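Okay, so here's the structure we're looking at.
Remember, it's a predicted structure, so these values are computed and weren't measured experimentally.
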Amino acid sequence: MASAAKKLYTPEEFLALERAAEYKSEYIDGQIYAMAGASYNHNTITVNMVIELGSQLRGRPCRVFSSDMRVKVNCTTYTYPDIAILCGEPQLDDGNLDALTNPTIIIEVLSSSTEAYDRGTKFERYRKLPSLTEYVLVAQNRVWVEHYTRHSDVPRQWTLEEMSELDDKLQLSSVACEVTLEAIYRGANFSEEDISARTL
């Protein structure tokens, strides 16, 4: 017996449900996916980066948003990046002012349940945002950061830089910010299997 087809929601239905919900969900191609809670390391890394970047951007025309800021990628995709950075005036989806459409930088902290999606389909869709200049993936179980930068002269081309040492520096050129991996991972608690990656 064939299983029943999943209900598809319009963007308007999703937004109405989301604004009334007690928890966050992402919207992909008509389906709604509840977001799981984040781990100790995930929260530690995210807060470290928000503090570091926020302090560097203070007084400048850029701002840092945590995972409560919804991003409208297109009409079929609404996400909640772990961190989004905006430079310039915000472009918001509608009068509710709760869906950003022009992030400059997006940062995702990887988890086992979302890593494939963050690397694949989600990044593929993020790349279609004309405003996006940099995309950062941060592992939470070891010291490992992947930094993608869009070529200004060839927008469809991206350059990847990988970092794995605590004294390596993540340089976000579009906002003139620099953060060491030691600062990103400060307080992270790696398991015994991951101690070889680095102990903090």
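- One distance of note links CG of Leu170 with NE2 of His147; it measures 5.5 Å at 0.5 Å rounding.
- Thr180 places no side-chain N or O within donor-acceptor distance of the main-chain N or O of Asp168, the cut-off being under 3.5 Å.
- Distance alone, capped at 3.5 Å, is enough to place a donor-acceptor pair between the Tyr185 side chain and the Arg142 backbone.
- Judged by distance alone, the side chains of Tyr80 and Glu18 do bring a donor and an acceptor atom under 3.5 Å apart.
- Ile106 is not listed as a side-chain neighbour of Ile83, based on a closest heavy-atom distance of 4.5 Å or more.
- Here Arg125 pairs with Asp29 in a salt bridge; the nearest charged N to carboxylate O distance falls below 4.0 Å.
- The closest side-chain donor-acceptor pair between Arg70 and Tyr78, if any, does not fall under 3.5 angstrom.
- Not one N or O on the side chain of Asp82 forms a donor-acceptor pair closer than 3.5 Å with the backbone of Glu108.
- In this structure a side-chain-to-backbone donor-acceptor pair under 3.5 Å is missing from Asn48 to Gly187.
- By the rule that hydrophobic residues join a cluster once side-chain heavy atoms approach within less than 4.5 Å of another member, Leu160 and Tyr135 end up as members of one cluster.
- To the nearest 0.5 Å, the span separating CD1 on Ile107 from CD1 on Ile105 amounts to 6.5 Å.
- Under the 6.0 Å distance and 45° angle rule, Arg127 counts as a cation-pi partner of Phe123.
- Using modelled atom types, one side-chain atom of Ser39 and one backbone atom of His42 make a donor-acceptor pair closer than 3.5 Å.
- Under a hydrophobic-cluster definition in which Ile, Leu, Val, Met, Phe, Trp and Tyr are linked whenever side-chain heavy atoms come within less than 4.5 Å, directly or via other members, Val73 and Phe14 are assigned to different clusters.
- To the nearest 0.5 Å, atom SG of residue Cys62 and atom CG of residue Leu86 are 7.5 Å apart.
- Judged by distance alone, the side chain of Thr101 and the main-chain N or O of Gln91 form a donor-acceptor pair under 3.5 Å.
- From Leu53, atom CG reaches atom CZ of Phe65 across 13.5 Å, with rounding to the nearest 0.5 Å.
- To the nearest 0.5 Å, atoms SG (Cys177) and CZ (Arg60) are separated by 5.0 Å.
- Between the Gln140 side chain and the Asn41 main chain, no donor and acceptor come within less than 3.5 Å of each other.
- Side-chain atoms of Ser55 come within 3.5 Å of backbone atoms of Glu52 as a donor-acceptor pair (strictly under, hydrogens ignored).
- No side-chain donor-acceptor contact under 3.5 Å links Thr79 and Glu26.
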ask   = Please walk me through it: do Leu8 and Gln31 pass side-chain contact (heavy atoms from CB on, under 4.5 Å)?
value = CA-CA 5 Å; Leu8 296 181; Gln31 295 189 21; 3.7 Å; yes
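- In terms of heavy-atom proximity, Ala188 sits nearest to Thr44 at N-CG2, 4.0 Å.
- Remark: Arg19 CZ is packed, more than 12 non-hydrogen atoms of other residues, nucleotides or ligands lying under 6.0 Å away.
- A single hydrophobic cluster is seen to contain both Leu137 and Leu132, as judged by linkage of ILVMFWY side chains at heavy-atom distances under 4.5 Å, directly or through other members.
- Counting only heavy atoms from C-beta outward, the side chains of Ile45 and Tyr40 never approach each other to under 4.5 Å.
- A donor-acceptor contact under 3.5 angstrom links the side chains of His151 and Thr159, judged on distance only.
- Glu162 CD: more than 12 foreign heavy atoms inside a 6.0 Å radius.
- When hydrophobic clusters are built by joining Ile, Leu, Val, Met, Phe, Trp and Tyr residues whose side-chain heavy atoms come closer than 4.5 Å, directly or via intermediates, Tyr27 is not grouped with Leu100.
- Cation-pi check for Lys7 over Tyr9 is met; the charged atom lies under 6.0 angstrom from the ring centroid and within 45 degrees of its normal.
- Atoms CG and CD, from Leu172 and Glu134 in turn, are 5.0 Å apart once rounded to the nearest 0.5 Å.
- Between Ile32 and Glu13 the shortest side-chain heavy-atom distance does not fall below 4.5 Å.
- Taking 4.5 Å as the limit, every side-chain heavy atom of Glu161 sits out of range of all side-chain heavy atoms of Thr149.
- Contact check on Lys122 versus Glu115 returns no salt bridge, with no Lys/Arg side-chain nitrogen under 4.0 Å from an Asp/Glu carboxylate oxygen.
- Here the side chain of Gln56 pairs a donor or acceptor atom with the backbone of Glu178 at under 3.5 angstrom.
- Taking hydrophobic clusters as Ile, Leu, Val, Met, Phe, Trp and Tyr residues chained together by side-chain heavy-atom distances below 4.5 Å, Val138 shares a cluster with Phe190.
- Taking the side chain as every heavy atom from C-beta outward, Tyr33 and Ser25 never approach each other to under 4.5 Å.
- Using a 4.5 Å heavy-atom threshold, the side chains of Ser67 and Lys24 count as touching.
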task = Quick one: do Val145 and Leu181 satisfy side-chain contact (heavy atoms from CB on, under 4.5 Å)? Show the steps, please.
result = CA-CA 8 Å; Val145 174; Leu181 269 62; 4.0 Å; yes
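- Of the possible donor and acceptor atoms, one in the side chain of Ser131 sits under 3.5 Å from a partner among the backbone N and O of Pro103.
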inquiry  = Checking Leu129 against Asn102 for the side-chain contact (heavy atoms from CB on, under 4.5 Å) test, could you report, in this order, the C-alpha distance in whole Å, the side-chain angles of both residues, the deciding distance, and whether it holds?
reply    = CA-CA 7 Å; Leu129 286 167; Asn102 64 327; over 6 Å; no
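- Side-chain polar atoms of Thr77 and Tyr126 form no donor-acceptor pair below 3.5 angstrom.
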